[in-house]
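The structure appears below as structure tokens.
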Amino acid sequence: MSTQHTRLGDQPGPADPALEHTLFGHPIGLTNLFGVELWERFSFYGMLTILGYYLYYTAADGGLGIAQSTALGIVGAYGGLVYLSTVLGGWIADRVLGMERTVFYGGVVVMAGHLALAVLPGLAGVGVGLVLVALGSGALKANASSLLGTLYAPSDARVDGGFTLFYLGINIGAFTGPLLTGLLQREWGFHVGFGAAAVGMALGLTQYVIFRRNLGTHGREVPNPVTRADLRPVLTGVAVAAVVAGLAIWAGWITLDNLSDVTTGVIVIASIAYFTVMLTSAKVEPVERTRVVAFIPLFLANAVFWSLFQQMFTMLAVYSDERVDWRIFGWEAPASWIGSVEPVWIIALSPLFALLWTKLGNRAPSTPIKFAFGVIGMGIAFWLFALLSGFEGKTVPVLAVFAILGGFAVSELLLSPIGLAVTTHLAPAAFRSQMMALYFFSVGIGTSMAGTLARYYSPDSEGMYFGISGAAAIAAGLVVVACAPWIKRHMQGVH
């Protein structure tokens with residue numbers, strides 16, 4: 001660890017350890033955010049990889065016996081709702097608590113949700129647990145990433161490397177969570193697996209409190225405090241939305257079968273509304289408004305990417321359970337371990353990508369080109385799955401799946417940590433956390449779409465399914481390549 005004084009925005013005070021100290025060349029506050037995000041992802045992915053099985057396995061196998069297509073739609077819709085709730089987390093951070101405290105309280109709500117899944121039986125536990133995890137994750141996710149962005153100046157070439165290391169923490173959690181919950185679920189049942197997710201989040205909160213001082217004063221301020229006049233329309237809007245949702249459920253317009261479709265539509269409408277607010281707000285400077293415009297094609301490309309990637313927990317979860325031969329040296333691993341395969345690649349490759357971006361600095365490819373390569377890479381990975389469609393039954397070699405998911409990982413590293421980084425620098429000052437919530441909206445659209453698309457998968461036509469999905473992603477990536485010069489101009493100096 002070295003000690004240095006660095007100017008990041010305003011001149012730091014002498015007692016601000018987040019700016020005085022560095023670890024491996026990065027602000028010391030990165031270590032705390034690395035840890036809390038690791039444990040949050042441990043709990044989130046540990047729960048998510050067994051959730052679909054819990055919903056559609058029969059009661060004899062410990063599940064709820066819901067139709068498989070409905071179960072996959074619920075998983076996709078739940079993932080979309082997690083990212084939709086980031087707008088609430090961003091609003092609370094920007095207008096009530098500040099980013100740092102919102103991260104902490106979000107973690108508390110996540111832990112409560114996992115406890116509900118572990119303790120409450122049947123659909124009641126699913127409903128209460130998933131709502132709490134969605135709300136808590138929405139508060140924690142957007143603000144942890146935004147808080148990390150405040151540790152770097154807009155022109156700091158280390159930022160992509162810092163976010164890539166942060167992403168390493170995410171994927172250590174994503175790797176270890178499914179390993180543990182999958183084994184616990186198989187040996188002692190689903191509720192024990194959900195309980196392990198709650199313990200993981202508790203560990204994350206404990207380390208966050210112990211090392212909170214590493215963040216210094218970052219994220220403590222409330223950039224746009226809410227007034228009584230501001231609060232009235234917000235509460236009215238929430239009440240109206242709750243009534244409308246209740247009436248839609250009562251009338252049968254929202255059902256478990258169409259939940260992922262409804263979720264996608266809601267997030268699309270919310271995204272359009274948010275872009276409109278930012279582009280018309282008097283609090284947004286002209287140069288900031290231009291940067292928001294540049295963010296729109298990146299938003300769309302991100303949604304396409306995640307609509308394929310998040311099928312890891314919908315279609316590919318079924319594929320893993322019904323098509324993949326998980327025998328390893330005579331021992332059969334749980335099918336849910338597919339959720340841990342791709343993070344192995346991320347863990348191995350993240351330091352290399354962090355070193356690459358740090359070394360290249362401003363000579364690295366621009367953000368639009370990185371995004372385009374990430375989307376194209378996902379399309380190619382789906383094409384590789386199409387090549388495995390000649391296998392019948394549960395005979396697809398696990399090593400082949402492992403290799404293809406390496407393509408998922410390279411694509412993710414080209415797009416996701418870069419997306420987190422660029423969002424913090426394209427964000428208007430008055431909407432920093434809410435801009436990160438808007439980024440997660442694009443992930444939410446892709447995630448809920450992953451539930452919708454999974455309903456079209458069938459082993460009998462999987463070659464066509466993978467082929468068409470891959471072609472659509474590649475086409476979207478090529479459009480971003482064509483638009484890259486325009487996007488870069490409108491980013492107004494953000495690389």
Side-chain angles (χ1 to χ4, degrees), residues 1-4 6 8 17-42 44-45 99-100 103 140-177 203-204 207-208 211-212 214-216 218-219 340 342-365 367 370-371 374 406 408-425 436 439-440 443 494-495:
M1 181 185 296
S2 62
T3 302
Q4 64 181 24
T6 308
L8 297 178
L19 298 183
E20 289 183 341
H21 300 289
T22 64
L23 182 65
F24 301 120
H26 289 276
I28 190 65
L30 170 62
T31 59
N32 196 22
L33 296 172
F34 176 100
V36 73
E37 191 69 7
L38 184 157
W39 285 109
E40 191 271 335
R41 293 291 88 182
F42 170 95
F44 180 82
Y45 285 113
M99 289 183 284
E100 195 275 335
V103 167
L140 193 153
K141 284 175 67 63
N143 290 291
S145 302
S146 294
L147 187 53
L148 176 59
T150 67
L151 303 181
Y152 297 90
S155 59
D156 194 334
R158 301 175 301 165
V159 65
D160 280 358
F163 270 89
T164 303
L165 289 173
F166 178 69
Y167 218 68
L168 173 61
I170 290 174
N171 282 277
I172 291 175
F175 166 67
T176 55
L203 292 173
Q207 72 87 34
Y208 185 77
F211 298 106
R212 215 167 182 175
N214 286 343
L215 294 169
H218 283 272
S340 291
E342 194 261 355
V344 171
W345 287 101
I346 295 290
I347 293 167
L349 296 175
S350 285
L352 299 179
F353 272 79
L355 179 63
L356 176 64
W357 301 142
T358 301
K359 189 172 182 63
L360 289 177
N362 290 330
R363 294 180 291 112
T367 291
K370 291 175 183 174
F371 261 67
F408 277 48
V410 171
S411 302
E412 185 180 0
L413 286 169
L414 284 167
L415 182 142
S416 190
I418 308 307
L420 292 172
V422 76
T423 300
T424 63
H425 293 316
M436 185 58 70
Y439 167 83
F440 284 123
V443 184
V494 176
H495 184 65

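What you see is a predicted model; the values in this text were computed from it and never measured.
- Thr176 contributes a side-chain N or O that, together with a main-chain N or O of Ile172, makes up a donor-acceptor pair within less than 3.5 Å.
- Among all heavy-atom pairs drawn from Tyr45 and Ala174, the shortest one is CD1-CB, 3.5 Å.
- In terms of heavy-atom proximity, Phe175 sits nearest to Ser340 at O-OG, 2.6 Å.
- Listed here is the closest heavy atom pair of Gly374 and Ser411: O-CB, 3.2 Å.
- Looking at heavy atoms from C-beta onward, Phe34 lies out of side-chain contact with Leu148 at the 4.5 angstrom threshold.
- In this structure, OG on Ser416 lies 8.0 Å from CZ on Phe371, to the nearest 0.5 angstrom.
- Here the closest non-hydrogen pair linking Pro365 and Lys370 is O-CE, 3.1 Å.
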TODO: Report the C-alpha separation of Glu100 and Tyr208 in whole Å, then their side-chain angles, then the decisive distance to 0.1 Å, and conclude whether the side-chain hydrogen bond (donor to acceptor under 3.5 Å, both in side chains) test is met.
DONE: CA-CA 10 Å; Glu100 195 275 335; Tyr208 185 77; 3.1 Å; yes

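- Using a 4.5 Å heavy-atom cutoff, the side chains of Glu40 and Ile170 are not in contact.
- At a threshold of 4.5 Å between non-hydrogen side-chain atoms, the residues Gln207 and Val36 count as touching.
- The CG atom of Leu415 lies 10.0 Å from the OG1 atom of Thr367; values are rounded to the nearest 0.5 Å.
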Task: Working for side chain to side chain contact (heavy atoms under 4.5 Å, CB included), residues Val410 and Phe353 - done: CA-CA 9 Å; Val410 171; Phe353 272 79; 4.3 Å; yes

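- With a 4.5 Å cut-off on side-chain heavy atoms, Phe211 and Thr31 do not count as touching.
- The minimum heavy-atom distance between Trp345 and Ala409, with the atom names listed, is CB-CB, 3.3 Å.
- Remark: Leu147 CG to Met99 CE distance equals 5.5 Å, nearest 0.5 Å.
- Between Ile346 and Glu412, some side-chain heavy-atom pair lies under the 4.5 Å cut-off.
- The OH atom of Tyr439 sits 11.0 Å away from the OG1 atom of Thr424 when rounded to the nearest 0.5 Å.
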